[in-house]
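Please read all numbers here as calculations on a predicted model, not as lab measurements. When reading the values below, keep in mind they use all heavy atoms of this one structure, side chains included, and skip hydrogens, waters and symmetry mates. Labels below follow one simple rule: chain letters A, B, ... track the order of the sequence lines, proteins then strands, and each chain is numbered from 1.
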Amino acid sequence: MMSIDDQLAALSRRTERIVPEADLRAKLERSTKTGTPLRIKLGMDPTAPDVTLGHAVPLRVVRQFQDWGHKAVLIIGDYTARVGDPSGRNKTRPQLSGEEIDQNARTYVEQVGKILLTDAAHLETRFNGEWFAKMNLLDVLRLTSKKSVAQMLEREDFKNRYTTGVDIRIHEFLYPLMQGWDSVMTDADVEMGGSDQLFNNLVGRDLQADAEKPGQAVIVTPLLVGTDGVKKMSKSQKNYIGVTDPASGPSGMFGKIMSLPDVLMESYYTLLTDLPMGPVKEQIQRSPRDAKIALAKHLITWLHTAEAANTAEADFVTQFVKHEAPQEMPEFGVGELGPGPHKLPALLVRAGLAASNGEGTRKIKEGAVSIDGEKVTDFQKCLTIDKATVLKLGRKYARLLP
RNA sequence: GGGCGUGUACCCAAGUGGCCAACGGGGUCAGACUGUAAAUCUGAUGGCUUAUGCCUUCGAAGGUUCGAAUCCUUCCACGCCCA
């Protein structure tokens with residue numbers, strides 16, 4: 001068993017702030033003494049089906065706690081998702097229907113299982129509808145009376161929206177309170193979150209104190225930058241890598257990691273791996289490209305398998321270094337278009353490479369399209385698909401079948 | 001409830017009767033260059049049976065006009081101020 005100091009040191013790799021640090025230390029010490037595991041809470045809203053590498057950062061910290069014998073308490077925010085977390089937003093989130101939320105929630109536990117231990121001793125999964133569905137208006141009023149409007153407007157994102165005249169709906173003020181109430185209901189000792197969650201997490205600590213329970217310690221992790229190289233990785237920005245993304249292929253992890261800006265390498269290594277940073281920094285210095293390949297393989301090995309990592313690398317080399325078509329690509333039958341010959345733009349649409357005939361036509365004119373490796377610039381070209389035919393538009397491939 | 005504003009394509013934003021499928025920027029896609037990228041340069045960015053043709057689009061519905069994103073009416077939504 002690691003000493004408390006070693007544990008805190010191990011956490012520091014991925015923690016931006018621990019509030020308050022002394023409190024966390026005290027909790028760890030008490031847990032060791034009494035043999036009672038700490039309850040490490042992490043909330044996730046099922047607002048989209050994918051768990052991203054951005055979520056993986058706090059999840060890895062939760063995993064560290066699990067490895068030390070503590071218990072993860074995963075809150076699936078089926079009720080909070082109906083409100084929509086306003087954190088970092090500059091407008092109201094769209095509200096999801098109950099069905100969408102339930103469907104998304106179902107896949108979460110499975111995805112999270114790639115990172116966390118999932119046996120009953122190490123993981124407790126709760127839906128916050130468990131307690132919110134039972135509340136009546138009086139309960140809600142009691143909850144809302146805990147915080148003032150001024151306290152809410154202290155939050156950077158609310159303040160910005162208020163001062164720039166972007167509307168804030170009243171239900172959005174409830175979000176931090178609801179998240180905090182989750183902590184009260186689950187007796188969290190520690191709450192994890194991204195650094196944009198600090199406000200919400202601290203509300204939990206306050207509400208616990210108000211309920212005369214020990215206040216949770218709060219650990220926030222740095223935010224992982226998304227594939228655009230600028231903004232926080234998030235589902236709504238579509239700049240994310242999902243933990244269940246395929247290893248290779250156009251939307252695969254390998255390609256997404258390779259197309260990250262070089263400058264992100266250090267933070268990705270720090271936040272997503274446990275490799276010693278000394279050698280990693282040297283490698284990044286020496287060859288950012290090789291560092292990226294190594295990272296891609298490391299992450300794919302973690303989330304898929306070592307074989308998948310090797311295959312993904314091989315595919316990538318084939319496609320982008322040697323500029324040959326990959327082995328695996330999406331396949332589409334042409335039958336439903338009726339008998340040939342077919343116009344090329346229509347085939348591009350059928351293969352999902354273009355959104356409309358017009359777009360297909362433009363891309364052909366731009367020289368972006370090739371058939372079986374032959375570049376085509378004649379947008380009126382017609383062809384009959386009597387054997388498997390490989391279409392390429394930009395870096396995307398598709399195979400057409402008769 | 002009253003007053004003043006605002007509503008344009010994925011986002012921001014010009015346009016205030018015909019030259020508007022609608023300037024510009026961002027984003028996105030593609031081409032060149034590369035290390036896969038980033039940066040840079042270039043092109044594209046409503047749909048259709050590719051047509052100097054048709055259809056749909058400037059919050060919604062009506063109306064005026066030969067002709068409307070632009071004018072009028074009503075409605076809806078949002079912001080600010082007053083109550």
Using the [atom1] atoms only, state how far [M] lies from [N], rounded to an integer number of Å.
N	M	atom1	value
A21(B)	G47(B)	P	16 Å
C76(B)	C11(B)	C1'	23 Å
G63(B)	U52(B)	P	34 Å
C10(B)	U42(B)	C1'	23 Å
C48(B)	G43(B)	C1'	23 Å
G25(B)	A14(B)	P	15 Å
U45(B)	A9(B)	C1'	10 Å
G26(B)	U40(B)	P	10 Å

Rounded to whole Å, please give me the gap between [atom1] in [X] and [atom2] in [N].
X	N	atom1	atom2	result
Leu348(A)	C29(B)	CG	P	17 Å
Arg362(A)	G47(B)	CZ	C1'	10 Å
His323(A)	A37(B)	NE2	C1'	13 Å
Asp228(A)	C11(B)	CG	P	18 Å
Met265(A)	A38(B)	CE	P	12 Å
Glu359(A)	A9(B)	CD	P	19 Å
Arg395(A)	C33(B)	CZ	P	18 Å
Gln380(A)	A51(B)	CD	C1'	11 Å

Please name the pair of heavy atoms, one in Leu272(A) and one in Leu53(A), separated by the smallest distance, quoted to 0.1 Å.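 That would be CD2-O, 3.6 Å.
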Hey, what are the protein-to-nucleotides 77-83 of chain B N/O distances that come in under 3.5 Å?
from: C78(B); atom 1: OP1; to: Arg169(A); atom 2: NH2; distance (Å): 3.0

RNA chain B: Leu260(A) or Phe379(A), which has the more 5' nearest nucleotide?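 The residue closer to the strand's 5' end, by nearest nucleotide, is Leu260(A).
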5′-ward residue of the pair Lys365(A)/Lys396(A) relative to RNA chain B: Lys396(A)
Closest approach to the side chain of [X], judged atom by atom: which nucleotide of [options] is it?
X	options	value
Leu393(A)	G47(B), A30(B), G35(B)	A30(B)
Lys363(A)	C29(B), A37(B), A44(B)	C29(B)
Glu366(A)	G35(B), G43(B), U50(B)	G43(B)
Pro288(A)	G35(B), U50(B), U49(B)	G35(B)

In Watson-Crick or G-U wobble terms, both distances under 3.5 Å, what is the partner of [N]?
N	answer
A77(B)	U6(B)
G24(B)	C12(B)
G1(B)	C82(B)
U34(B)	none
C71(B)	G63(B)
C54(B)	G47(B)

Got a donor-acceptor pair under 3.5 Å from the side chain of Asp262(A) to the base of G35(B)?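 Checked by distance alone, the answer is yes.
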Pick base, sugar-phosphate or nothing for [X], based on heavy-atom distances below 4.0 Å to the nucleic acid.
X	value
Ser356(A)	sugar-phosphate
Ile293(A)	nothing
Lys343(A)	sugar-phosphate
Val321(A)	sugar-phosphate
Ser287(A)	nothing

Between Asn357(A) and U50(B), is there a side-chain N or O to OP1/OP2 distance below 4.0 Å? no
Is the NZ or CZ atom of Lys256(A) both under 6.0 Å from the centre of the six-membered ring of Tyr240(A) and within 45° of that ring's axis?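 Judged by the rule (NZ or CZ under 6.0 Å from the ring centre, within 45° of its axis), Lys256(A) counts as positioned above Tyr240(A).
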Salt-bridge present (Asp189(A), Arg30(A); N to O < 4.0 Å): no
Side-chain ion pair, Arg63(A) and Asp274(A), N-O less than 4.0 Å: no
Residue pair Leu295(A) / Lys292(A), side-chain heavy-atom distance below 4.5 Å: no
Could you tell me whether Lys213(A) atom NZ has more than 12 heavy atoms of other residues or ligands within 6.0 Å of it? yes
For Lys381(A), is the NZ atom crowded, meaning more than 12 foreign heavy atoms sit under 6.0 Å from it?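 12 or below, so no.
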Test item: side-chain donor near acceptor, Gln179(A) and Gln197(A), under 3.5 Å: yes
Just checking, is any N or O donor in the side chain of Asn239(A) or Lys232(A) under 3.5 Å from an acceptor N or O on the other one? no
Sequence neighbours left out, what pairs pass salt bridge (Lys or Arg N to Asp or Glu O under 4.0 Å) with at least one residue falling in residues 392-402 of chain A? Glu331(A)-Arg399(A)
